Amino acid sequence: MSAGAAPGSSIPAPAWLRAGAGPLFVATILLGSFLLFLVQPMIARMALPRLGGAPAVWNSAMLVYQALLLGGYAYAHAIGRLTVRRQAMLHLVILAVAALWLPIGLMKMQLPARAEPALWVPWLLSASIGPLFFAVSAQAPLLQRWFAAASGGRDPYALYAASNVGSFTGLIAYPLVVEPGLALRGQSWLWSAGYVLLAVAVAACALLLPRGVPPTAQGTRDQPASPRSSPGRVTQWIALAAIPSGLMLATSSFLTTDIVAVPLLWVVPLGLYLLSFTLAFAVRRGPAAFLARFAALTILMFGGLMITNDHQNPALNAIMALMLLFMVAVALHTRMYDLRPAPDRLTGFYLAMAVGGALGGVFAGLIAPILFDWTWEYPILILAAGLLVPQRPLFPAVARLWQTSRRGWWLRVGAATLGTGLVAWFGLFGPGRAMGAAPLGPLYLAIAAIGLIVIGQRTAFMIVLVGALFLFGGYRSLAISWAGDARTRSYFGVYTISDSAGQRRLAHGTTLHGVELRGSADDLRRPTTYYVPNSGVGLAMRSLDLLYGPGARVGVVGLGTGTLACYARPGQAWRFYEIDPAVVQLAHSAFRFLDQCLPDARIELGDARLRIAEAPAQSLDLLVLDAFSSDAVPMHLMTLEAFAAYRRTLADDGLLLVHISNRFLDLEPVVAAAARAQGWQAALIDYTPTPSEEREEATASEWIALSPSRATLVTLITRGGPWRPLSERAGFAPWTDDYATILPLLRPLDGVP
């Protein structure tokens, strides 16, 4: 304290330091948020080979991130009674202690073979990155408080927009730049260097802080000057934060389950969610206010269409779902910004926001998959958004229509209800009856016309919105759920069983996973879809006796409906690897391949790569890799380390069959690069069924056969089929546990799944 200063007064930093406060604080917040959202996919990528691809791993990881973020915000709020200088000193100490965990990465330990990911992952991630994540997560609210003190009381909320720009950049940079350009070791050192730079930047910001009183130079040392927010207002902040957070995760789940299973699609909803904060908290209010005004219209126009289960144009559906998420997030975050407290209550506001975000994420990511058999959280959150988004009439004439007596208001609500009910009745029970045959275009226009009139009147709006959701998909989804056993949901997705004349089908999201013919005993034992006798795997199964004699040892990764079991012969030893207990239950209870062909099938439950690593060396003659999550092959099953595990488990003349049929990824270069690197002999068959085979439910498929033995592969090829050598892509590096990227493999989305 300089001479002449009164005790407890504020001594500002020199003017030349204060002049650079804005750019320095913005840069520091950008860097911290960038690192925070860069570390999430990076650590998940590091954990994949060790923990497997179970969704429980990702759900547990997200729970850890949310808990640590809450902890960081709670810490930032708790130290608010200290002067900003003392806050900075304490935070620099925490940053220094957390630096002991550098370079960032997972702890070097082997988990027990039968470890439960849901229990081990939170502990592993918390022990590996917990201190680092905690320290970085607290810097955004702290720096905003410090900025208000260093700049003489300027509004710090605009810095939250900068924070989300950094978050969005870090999120997008990982799959587009960091992962394709650096192996995991290089990524670790890059992030560690960024952390050191962040600590230096925080220290520089600390030099700008005044000495003495807490942030605002108002009130007493222990008490902020502005009034405390009411419990109702805090609850409102939590709700406004929870719905966009839950809708973001629900949109990701909805898109990857029911529209398109494009890998990395989850990045887009999260990126739009972060950008909504940038708009909602920006100094210029025009864009946010404009979008918020039309949010109710977007909910009404797109909300019903998103649950129609119409997959004819997945690209358009994805665009509408993303637009709906963005408009809702901007509207609710703008409303939250409008209700923000004074800067001296800033950290409590962000703590409530973090609580809401965590609650929304827990509901959509953890609770909903347990409670619901379908993505019901999606329409539930759409309805919740309709309740909370700001509304006002879009046209002056409509506003005047509702400016009448209370009795007239109720008459108009009744008219809107009646109109919506008539439209819904016509769609469900009128000409065309079944929704698939109903004239959806006119019905949609009718609902839209009613909606334009009721926007601004929340009761009538919600009636119309419920009618739209019920009409365009809710009724059909309810009917499937009421059927009892037609649909099953697990952490791995939604499985739907459908029956038609002479067949039963299993779909995982939008991807067909098996067809069972219903008829004679021979029909029940007939392999269908990707596994017919003339497919790559069918040719391999029919060659088992020739290659390995009557005692062939067969392993299959991915059970599905159990179709491949009908190639089993007496004397052979079979085992299946399946990660999802729900699939095992369906294969036994809803389909009859296993019961008819291999009733005592040995099924190894868990991540296939981990289970194969436990198997005895050279214990298999044939290994079939047919693992799909909807239409995406788990990346950790396609790395050099995974292929090395397959090679160890196979006999010296063993055969590996890899199913690479995929609408969104060209996986041939991945397998070709692995084959070249490890000396496998390889060939590919692109099977297209004949018209008569299609009538027997044969499906086009691509299979790659690999073997350490050239003689084995030659024997298989001579059995028939249009086998060809693999096509290698120049410059494509094989996937490893340390390096993998799907960007060069993406196929154009043609709009037809």
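For clarity, every value in this text was computed on a predicted model and none was experimentally measured. In what follows, residues are counted from 1 in the order of the sequence shown.
Within a 6.0 Å radius of CE in Met323, no more than 12 heavy atoms belonging to other residues, nucleotides or ligands are found.
Smallest separation of non-hydrogen atoms from Ala364 and Leu249: CB-CB, 3.9 Å. In terms of heavy atoms, Leu469 sits closest to Gly303 at CD2-O, 3.4 Å. Val39 and Tyr65 make their closest contact through O-OH, 4.2 Å (heavy atoms, listed as atom of the first residue, atom of the second, distance). The nearest pair of heavy atoms linking Ser229 to Val234 is CB-CG2, 4.2 Å. Of all non-hydrogen atoms in Tyr73 and Ala354, the two that sit nearest each other are CD2-CB, 3.7 Å. Counting all heavy atoms, side chain and backbone alike, Leu346 lies closest to Pro141 at CD2-O, 3.6 Å.
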Derivation and outcome, salt bridge (charged side-chain N to carboxylate O under 4.0 Å, His left out), residues Arg489 and Asp373: CA-CA 5 Å; Arg489 184 176 184 179; Asp373 67 347; over 6 Å; no
Step by step, work out the side-chain contact (heavy atoms from CB on, under 4.5 Å) result for Leu339 and Leu240. CA-CA 10 Å; Leu339 299 176; Leu240 290 169; 4.1 Å; yes
Is there a side-chain contact (heavy atoms from CB on, under 4.5 Å) between Glu377 and Ile367? Walk through the geometry before answering. CA-CA 9 Å; Glu377 66 273 16; Ile367 297 176; over 6 Å; no
Candidate pair Gln236 and Arg335, rule side-chain contact (heavy atoms from CB on, under 4.5 Å), full reasoning: CA-CA 10 Å; Gln236 193 173 9; Arg335 178 60 175 159; 4.1 Å; yes
Test side-chain contact (heavy atoms from CB on, under 4.5 Å) on Leu381 and Val328; report intermediate values, then the result. CA-CA 10 Å; Leu381 287 165; Val328 168; over 6 Å; no
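Checking side-chain atoms of Arg458 against main-chain N and O of Gly386 turns up a donor-acceptor pair under 3.5 Å. Side chain of Ser33 to backbone of Ser167: no donor-acceptor contact under 3.5 angstrom is found. Judged by distance alone, the side chain of Ser245 and the main-chain N or O of Ala241 form no donor-acceptor pair under 3.5 Å.
Remark: Thr298 OG1 to Met327 CE distance equals 3.5 Å, nearest 0.5 Å. Rounding to the nearest 0.5 Å gives a distance of 4.0 Å between CG of Leu387 and CE of Met462. Note that OG of Ser137 and CG of Leu35 are 12.0 Å apart. Values are rounded to the nearest 0.5 Å. Distance check, rounded to the nearest 0.5 Å: CG of Asn662 to CG of Leu745 gives 9.5 Å. Taking CD1 of Ile382 as the start and CD1 of Ile299 as the end, the distance is 8.0 Å to the nearest 0.5 Å. Atom OG1 of Thr251 is separated from atom CG of Leu270 by 11.5 Å, given to the nearest 0.5 angstrom.
Using a 4.5 Å cut-off on side-chain heavy atoms (C-beta onward), His513 and Tyr495 make no contact. Between Tyr337 and Arg285, the closest side-chain pair of non-hydrogen atoms falls below 4.5 Å. A heavy-atom distance below 4.5 Å is found between the side chains of Gln66 and Val362. Contact of the Leu125 side chain with the Phe133 side chain is not registered, since no non-hydrogen atoms from C-beta on lie closer than 4.5 Å. Residues Leu332 and Val389 are in side-chain contact: their nearest non-hydrogen atoms beyond the backbone lie under 4.5 Å apart. Residues Leu247 and Tyr378 form a side-chain contact, since some pair of their non-hydrogen atoms from C-beta on lies under 4.5 Å apart. Taking 4.5 Å as the limit, some side-chain heavy atom of Leu70 sits within range of a side-chain heavy atom of Leu351. For the pair Phe326/Leu291, a side-chain contact is recorded, criterion being any heavy-atom separation below 4.5 Å from C-beta on.
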Scan the side chains in residues 276-284 for donor-acceptor partners under 3.5 Å anywhere in the protein, sequence neighbours excluded, and list what turns up.
unit_1 : atom_1 : unit_2 : atom_2 : d
Ser276 : OG     : Tyr273 : O      : 2.5
Ser276 : OG     : His333 : ND1    : 2.9
Thr278 : OG1    : Ala161 : O      : 3.3

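Screening residues 382-394 for side chain to side chain donor-acceptor pair (under 3.5 Å), with sequence neighbours left out, gives no hits.
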